[in-house]
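Residue numbers start at 1 and run along the sequence shown.
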Amino acid sequence: GAMSLYWHVENKEAVFDLVLDAVFDCRGISEVDEARGWRPEVVHMLEDWRAVMLRHPWSAALLPRRALGPNILGRLERLGKALSKAGVPEAELNAAIWSLWNYVLGATITRASFDLSAADMAAGQQRLSRLSEHYPTIERSRLLLDSDWDGTFRKGLDFLLDGLALKR
């Protein structure tokens with residue numbers, strides 16, 4: 001029965017910790033091809049991380065409070081190693097990791113919660129068009145009609161990684 005679970009774990013919080021960590025073991029990360037350099041490895045890790053959270057949208061909300069499981073810590077360790085190999089100085093490593101962590105979490109939460117129908121997106125863009133004198137830049141870019149979530153995620157990730165590459 002449901003309560004027999006508590007013979008194995010202390011409380012509901014421990015169940016959340018175990019389930020969340022199990023989710024992050026869903027798909028293994030392939031071995032690194034040293035010849036390709038650090039960037040493809042980091043892109044693969046972060047795209048995989050995002051894919052896991054999109055399959056389990058609740059995980060993005062829990063992750064910031066429960067990041068101490070071995071699978072999650074293993075992912076962070078691997079990211080830290082890749083960034084170190086990329087030449088990110090030890091003194092800037094935490095900022096680099098947190099910047100990428102925050103980007104992936106934010107992009108995932110936005111994607112998971114911004115699931116509007118085409119009609120809703122068009123209605124939003126029409127409303128924005130009526131307000132274009134106040135918001136001309138986002139109206140012109142047709143921000144509310146952009147549904148290329150994967151492409152936008154990758155471009156944003158490229159912006160961040162380009163900045164890290166410049167720091168080397």
Side-chain angles (χ1 to χ4, degrees), residues 16 20 23-24 26-27 29-30 32-33 36-67 71-168:
F16 287 149
L20 182 65
V23 162
F24 282 92
C26 282
R27 192 165 102 193
I29 297 172
S30 65
V32 179
D33 179 2
R36 292 177 53 208
W38 67 273
R39 193 168 176 139
E41 178 184 5
V42 170
V43 167
H44 176 77
M45 278 189 271
L46 298 177
E47 285 180 338
D48 181 67
W49 189 1
R50 177 177 174 259
V52 166
M53 288 189 294
L54 286 174
R55 281 194 304 275
H56 306 280
W58 53 268
S59 67
L62 285 180
L63 188 58
R65 294 177 299 167
R66 302 178 182 285
N71 293 321
I72 297 165
L73 290 174
R75 284 175 179 261
L76 289 171
E77 177 67 17
R78 187 159 180 165
L79 178 59
K81 282 182 181 178
L83 294 173
S84 291
K85 284 189 277 181
V88 174
E90 193 78 21
E92 296 178 3
L93 192 56
N94 287 348
I97 291 170
W98 284 123
S99 295
L100 293 169
W101 164 290
N102 289 332
Y103 176 69
V104 173
L105 272 177
T108 304
I109 290 169
T110 300
R111 172 63 186 106
S113 62
F114 200 88
D115 198 17
L116 300 176
S117 69
D120 288 341
M121 290 170 66
Q125 186 64 39
Q126 285 176 348
R127 181 168 182 252
L128 188 55
S129 293
R130 289 191 302 272
L131 301 169
S132 66
E133 74 180 62
H134 300 290
Y135 312 104
T137 306
I138 59 172
E139 193 276 330
R140 255 190 333 272
S141 74
R142 303 180 61 76
L143 177 71
L144 299 181
L145 295 177
D146 185 356
S147 60
D148 182 12
W149 293 100
D150 295 336
T152 299
F153 175 79
R154 183 58 195 269
K155 284 178 189 174
L157 185 54
D158 283 342
F159 293 154
L160 286 170
L161 296 178
D162 288 348
L164 284 173
L166 291 174
K167 298 286 287 180
R168 295 176 8 143

Peer 1: Between Ala112 and Leu54, which heavy-atom pair has the shortest distance, and what is it?
Peer 2: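 Answer, listing the atom of Ala112 first, then Leu54: N-CD2, 4.4 Å.
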
Peer 1: Not counting sequence neighbours, list each pair that qualifies as a ring pair (Phe, Tyr, Trp, His ring centres under 6.0 Å) and has a residue in residues 107-145.
Peer 2: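 Residue pairs passing ring pair (Phe, Tyr, Trp, His ring centres under 6.0 Å), neighbours aside: Phe114-Trp149.
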
Peer 1: What distance do Lys85 atom NZ and Glu41 atom CD have between them, rounded to the nearest 0.5 Å?
Peer 2: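 These two atoms lie 4.5 Å from each other.
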
Peer 1: Side chains of Leu100 and Leu83: does their closest heavy-atom pair fall under 4.5 Å?
Peer 2: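 The answer is yes; the side chains approach within 4.5 Å.
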
Peer 1: Could you check whether Asp148 pairs with Lys155 (Lys NZ or Arg NE/NH1/NH2 to Asp/Glu carboxylate O, under 4.0 Å)?
Peer 2: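 Salt bridge: no.
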
Peer 1: For Leu164 and Glu92: C-alpha separation, side-chain torsions, deciding distance, then whether side chain to side chain contact (heavy atoms under 4.5 Å, CB included) applies.
Peer 2: CA-CA 10 Å; Leu164 284 173; Glu92 296 178 3; over 6 Å; no

Peer 1: Is there a side-chain contact between Leu76 and Trp101, using heavy atoms and a 4.5 Å cut-off?
Peer 2: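 Answer yes - side chains close enough.
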
Peer 1: Does a side-chain heavy-atom distance below 4.5 Å link Leu128 with Arg142?
Peer 2: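 Side chain of Leu128 against side chain of Arg142, heavy atoms only: no contact under 4.5 Å found.
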
Peer 1: For a side chain to side chain contact (heavy atoms under 4.5 Å, CB included) with Leu157, tell me which candidate from Asp162, Leu46, Val42 qualifies.
Peer 2: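 When side chain to side chain contact (heavy atoms under 4.5 Å, CB included) is applied between Leu157 and each of Asp162, Leu46, Val42, only Leu46 qualifies.
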
Peer 1: Can you give me the closest heavy-atom contact between Leu93 and Ser84, atom names plus distance?
Peer 2: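 For Leu93 and Ser84, the tightest heavy-atom pair comes out as CD2-OG, 3.6 Å.
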
Peer 1: Is a side-chain donor or acceptor of Asp48 paired with a backbone partner of His44 at a separation under 3.5 angstrom?
Peer 2: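 No, Asp48 side chain to His44 backbone: no donor-acceptor pair under 3.5 Å.
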
Peer 1: In terms of the angle between their ring planes, are Tyr103 and Phe153 parallel, tilted or perpendicular, with boundaries placed at 30° and 60°?
Peer 2: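 Rings of Tyr103 and Phe153: parallel, under 30°.
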
Peer 1: Would you please name every residue forming a salt bridge (charged side-chain N to carboxylate O under 4.0 Å, His left out) with Asp146, sequence neighbours left out?
Peer 2: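 Scan of Asp146 (salt bridge (charged side-chain N to carboxylate O under 4.0 Å, His left out), adjacent residues dropped) gives none.
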
Peer 1: Does a side-chain heavy-atom distance below 4.5 Å link Met53 with Leu105?
Peer 2: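 Heavy-atom side-chain distance check passes, below 4.5 Å.
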
Peer 1: To the nearest 0.5 angstrom, please state how far the CD atom of Glu77 sits from the CD1 atom of Ile97.
Peer 2: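 Answer rounded to 0.5 Å: 8.0 Å.
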
Peer 1: Nearest 0.5 angstrom please: Lys81 NZ to Arg78 CZ, how far?
Peer 2: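 Reported value, rounded in 0.5 Å steps: 9.0 Å.
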
Peer 1: Heavy atoms only: give me the nearest Ala82-Trp38 pair and the separation to one decimal.
Peer 2: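 Looking at all heavy atoms of both residues, the closest pair is O-CB, 3.9 Å.
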
Peer 1: Indicate every side-chain donor-acceptor pair of residues 118-127 with a distance under 3.5 Å to a residue at least two apart or in another chain.
Peer 2:
residue, atom, partner, partner atom, Å
Asp120, OD2, Ser117, OG, 3.4
Gln125, NE2, Glu139, O, 3.3

